[in-house]
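The structure appears below as structure tokens.
A, B, ... follow the sequence lines: proteins, then strands. Residue 1 opens every chain. The shown structure was predicted, so the numbers you read here are calculated from the model rather than taken from an experiment.
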Number of protein chains: 2
Amino acid sequence: MTNGNARGLRHEMGRNFTYEILQRLGVDIVTGTYGVGNPFPTEAELCKRLGASRSVLREAVKMLTAKGLLKARPRQGTWIEPERNWNLLDPDVLYWLLERKFSPGLLLEFTQVRLAIEPMAAALAARHADAKAKEAITAALNRMKAAEAGDDDPLTSDIAFHVAILEASGNRFYAQLRGLIEAALRTSIRLTNRRKGVRLASVADHQQVADAIFASDPEAASAAMRHLMVEAMTLIEQAKETMEATGEEV
Amino acid sequence: MTNGNARGLRHEMGRNFTYEILQRLGVDIVTGTYGVGNPFPTEAELCKRLGASRSVLREAVKMLTAKGLLKARPRQGTWIEPERNWNLLDPDVLYWLLERKFSPGLLLEFTQVRLAIEPMAAALAARHADAKAKEAITAALNRMKAAEAGDDDPLTSDIAFHVAILEASGNRFYAQLRGLIEAALRTSIRLTNRRKGVRLASVADHQQVADAIFASDPEAASAAMRHLMVEAMTLIEQAKETMEATGEEV
DNA sequence: GGGCATGTATTTATCATATATAATGCTTGG
DNA sequence: CCAAGCATTATATATGATAAATACATGCCC
């Protein structure tokens, strides 16, 4: 073994080295380190640069290819795909984008997705939710209340609430937003935390959604959820304007 | 090289052998060949069974892992993830599911996504669409008209129309539905083609959407698009009921 | 007997290298 | 000028050796 690799140095970012390289390359790609629509360093070059073996590198590149970030062809090399081909709906990709290249614009667009989906999910939940799903909603709401008193994490419990409703909708695609919302909320809290007088929606507003679902009132559930979404969107819009006006970094 | 592999036999399914194995394993997984939540054959076993080298197999498995279908850990083996962890919003995964394990239920759930997103996309398009985006919509509509006269493919032009509007919305996540809608429509046509008196929505209904967008009327655009979606959903529901009643295979 | 330390076996993870394949451009002969 | 073939240079594939992780068994101590 002639390769003096840097394995010993690494901190446990992922389960293993391959995932570490995956994260690293993923972040580098979405932050534009290599440009977009540009050629990518060759396999050999990247191995040297990252201190990884070809197996590890190739497997990481294959995962990035599976997420639409790269495309490789013999002799032609590996290329970064244009942004429109990236799987934005892949939680990893969204996380890389939001976490590392913080963009209120993208967050806004994602909230538009939530605005489309979540009210309908709430309506479906009001129609179809079974006992177990309702319990999950109640539990999440209780966590939010506990968080208000400082006994739980506000972010995690907020996520749990929205996820519970998405899953109560019975639509498997809606439930897929789970990972995406987690990525988005973890980022958006960075935005809202910084601003005085700006905070996540109140527990009371969430309570209204839950009440409507328990009352099997789809219209009310949808409206209450829409209210939450519009609220979230307003916050992000304000933050975006502030950022643009001041050129402030988040 | 001692391995007498079966490379010569293969027909050009994908660009290369790795992608062929990817497709094969992906289909096998979603169709339940290996069960769900079950252990997966070991690397060595699968290599033998598929006549693939370890490189090829590992890279395919890594791509499936990236799409949430598998999870591998040393000594513990590779496992099929529970369905809720599959990336349904990955076009490949959706395609495998719809194509090979035809399920009107899943198609219905996907149409619910379209029902949530596309009317809003049409509304956004009515507000923001630039000249180029409008041209794309017009072009797609013209293709649909040509298709009606037999001069173009009805499926492709229908897809193009919906994609044009999603892209005109200016929301990058909405535009992501492109690949998913393509997978879904290609499957749903199998459903509707079989039934007399059942067909895709008319060009006139699509025209209404376009007209509203060109008139910068978000409400009308949204309503017209919702009409298309409800129509599609009704068709699938009918087909589903028929299938369930007759136990018919599609 | 029960709990704990320890060893062992098995599976993926990683590294390394050799060879095959494919795409591209160049060259050369007509 | 063009087309067939050759050279070049990427990725793709095959394979062997070694490392790391962990389920499981084994046996010790109390």
Side-chain angles (χ1 to χ4, degrees), chain A residues 1-25 29 34 37-66 69-81, chain B residues 1-25 29 34 37-66 69-81:
Chain A
M1 217 173 288
T2 61
N3 178 13
N5 66 359
R7 296 284 307 289
L9 305 176
R10 78 179 198 259
H11 44 297
E12 285 301 313
M13 233 186 102
R15 276 195 300 285
N16 52 36
F17 195 32
T18 304
Y19 283 83
E20 192 180 320
I21 298 293
L22 169 69
Q23 300 290 325
R24 169 107 180 255
L25 288 177
I29 289 168
Y34 299 101
N38 280 4
F40 207 57
T42 65
E43 222 171 80
E45 170 63 24
L46 267 182
C47 281
K48 231 185 306 178
R49 203 184 295 183
L50 300 174
S53 73
R54 281 188 59 216
S55 322
V56 164
L57 187 81
R58 282 186 58 84
E59 284 167 22
V61 163
K62 275 287 179 328
M63 286 195 274
L64 292 166
T65 303
L69 268 57
L70 293 176
K71 181 179 234 171
R73 302 185 65 182
R75 161 73 205 192
Q76 192 168 318
T78 302
W79 293 70
I80 297 180
E81 286 275 279
Chain B
M1 216 173 291
T2 62
N3 179 13
N5 65 0
R7 295 286 305 288
L9 306 176
R10 79 180 199 259
H11 44 295
E12 285 301 312
M13 234 186 100
R15 277 195 299 285
N16 52 37
F17 197 31
T18 305
Y19 283 83
E20 192 180 319
I21 297 293
L22 169 69
Q23 299 292 324
R24 168 107 180 255
L25 289 177
I29 290 168
Y34 299 101
N38 280 5
F40 207 57
T42 64
E43 217 171 84
E45 170 64 22
L46 266 183
C47 282
K48 232 184 307 177
R49 202 183 295 185
L50 300 175
S53 74
R54 276 176 37 231
S55 323
V56 164
L57 187 82
R58 283 187 58 84
E59 284 167 22
V61 163
K62 274 283 164 9
M63 286 196 273
L64 291 165
T65 303
L69 268 57
L70 293 176
K71 182 178 233 170
R73 300 186 66 183
R75 160 73 204 186
Q76 193 169 318
T78 302
W79 292 72
I80 296 180
E81 286 274 280

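- The two atoms that bring A/L25 and A/V61 nearest to each other are CD1-CG2, 4.4 Å, heavy atoms only.
- Distances from the side chain of A/T18 to the nucleotides C/dT14, D/dA12, C/dT24 place C/dT14 closest.
- The nearest whole Å value for the distance from the CZ atom in B/R54 to the P atom in C/dT17 is 16 Å.
- Counting only heavy atoms from C-beta on, A/A72 has its side chain closest to D/dA12 among D/dA12, C/dT12, C/dC15.
- Computed from coordinates, the B/K48 NZ to D/dA14 C1' distance equals 17 Å when rounded to whole Å.
- Nearest-nucleotide positions on DNA chain C place B/T78 closer to the 5' end than the other of B/S55 and B/T78.
- Between the C1' atom of D/dA10 and the CD atom of A/E45 lies a distance of 14 Å, rounded to the nearest Å.
- Among residues at least two apart or in separate chains, salt bridge (Lys or Arg N to Asp or Glu O under 4.0 Å) pairs with a member in residues 45-56 of chain A are A/E43-A/R54, A/E45-A/R49.
- Proximity of B/S53 to B/F17: side-chain heavy atoms (C-beta onward) are nowhere separated by under 4.5 Å.
- Here the OG1-CD distance, from B/T18 to B/E59, works out to 5.0 Å after rounding to the nearest 0.5 Å.
- Whole-Å rounding puts the A/W79 CH2 to D/dA10 P distance at 12 Å.
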What protein N or O atoms touch nucleotides 6-10 of chain C N or O atoms at under 3.5 angstrom, if any, and at what distances?
| from | atom 1 | to | atom 2 | distance (Å) |
| --- | --- | --- | --- | --- |
| C/dT10 | O4' | B/R75 | NH1 | 2.8 |

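- Taking every side-chain heavy atom of A/R58 into account, D/dT11 is the closest of C/dT24, D/dA17, D/dT11.
- For the atom pair B/L22 CG and B/L64 CG, the distance stands at 5.0 Å (nearest 0.5 Å).
- In this structure, A/Q76 does not reach the D/dT11 phosphate: none of its side-chain N or O atoms is under 4.0 Å from OP1 or OP2.
- Atom-to-atom, CG of B/N16 to C1' of D/dA12 comes out at 7 Å; the value is rounded to the nearest Å.
- Toward the 5' end of DNA chain C, the nearer of the two residues A/V56 and B/A44, judged by each one's closest nucleotide, is B/A44.
- Separation of atoms CZ (B/F40) and CD (B/E81) is listed at 12.0 Å; rounding is to 0.5 Å.
- Atoms CE (B/M63) and C1' (D/dT11) sit 13 Å apart, rounded to a whole Å.
- Backbone-only contact: A/K62 has heavy atoms under 4.0 Å from sugar-phosphate atoms and none from a base.
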Quiz item: Please walk me through it: do A/L46 and A/T78 pass side chain to side chain contact (heavy atoms under 4.5 Å, CB included)?
Solution: CA-CA 11 Å; A/L46 267 182; A/T78 302; over 6 Å; no
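- The distance between atom CG of A/L22 and atom P of C/dA13, rounded to the nearest whole Å, is 13 Å.
- Distances shorter than 4.0 Å separate some side-chain N or O of A/S53 from OP1 or OP2 on C/dC15.
- Regarding A/I21, its CD1 atom lies at a distance of 9 Å from the P atom of C/dT14, rounded to whole Å.
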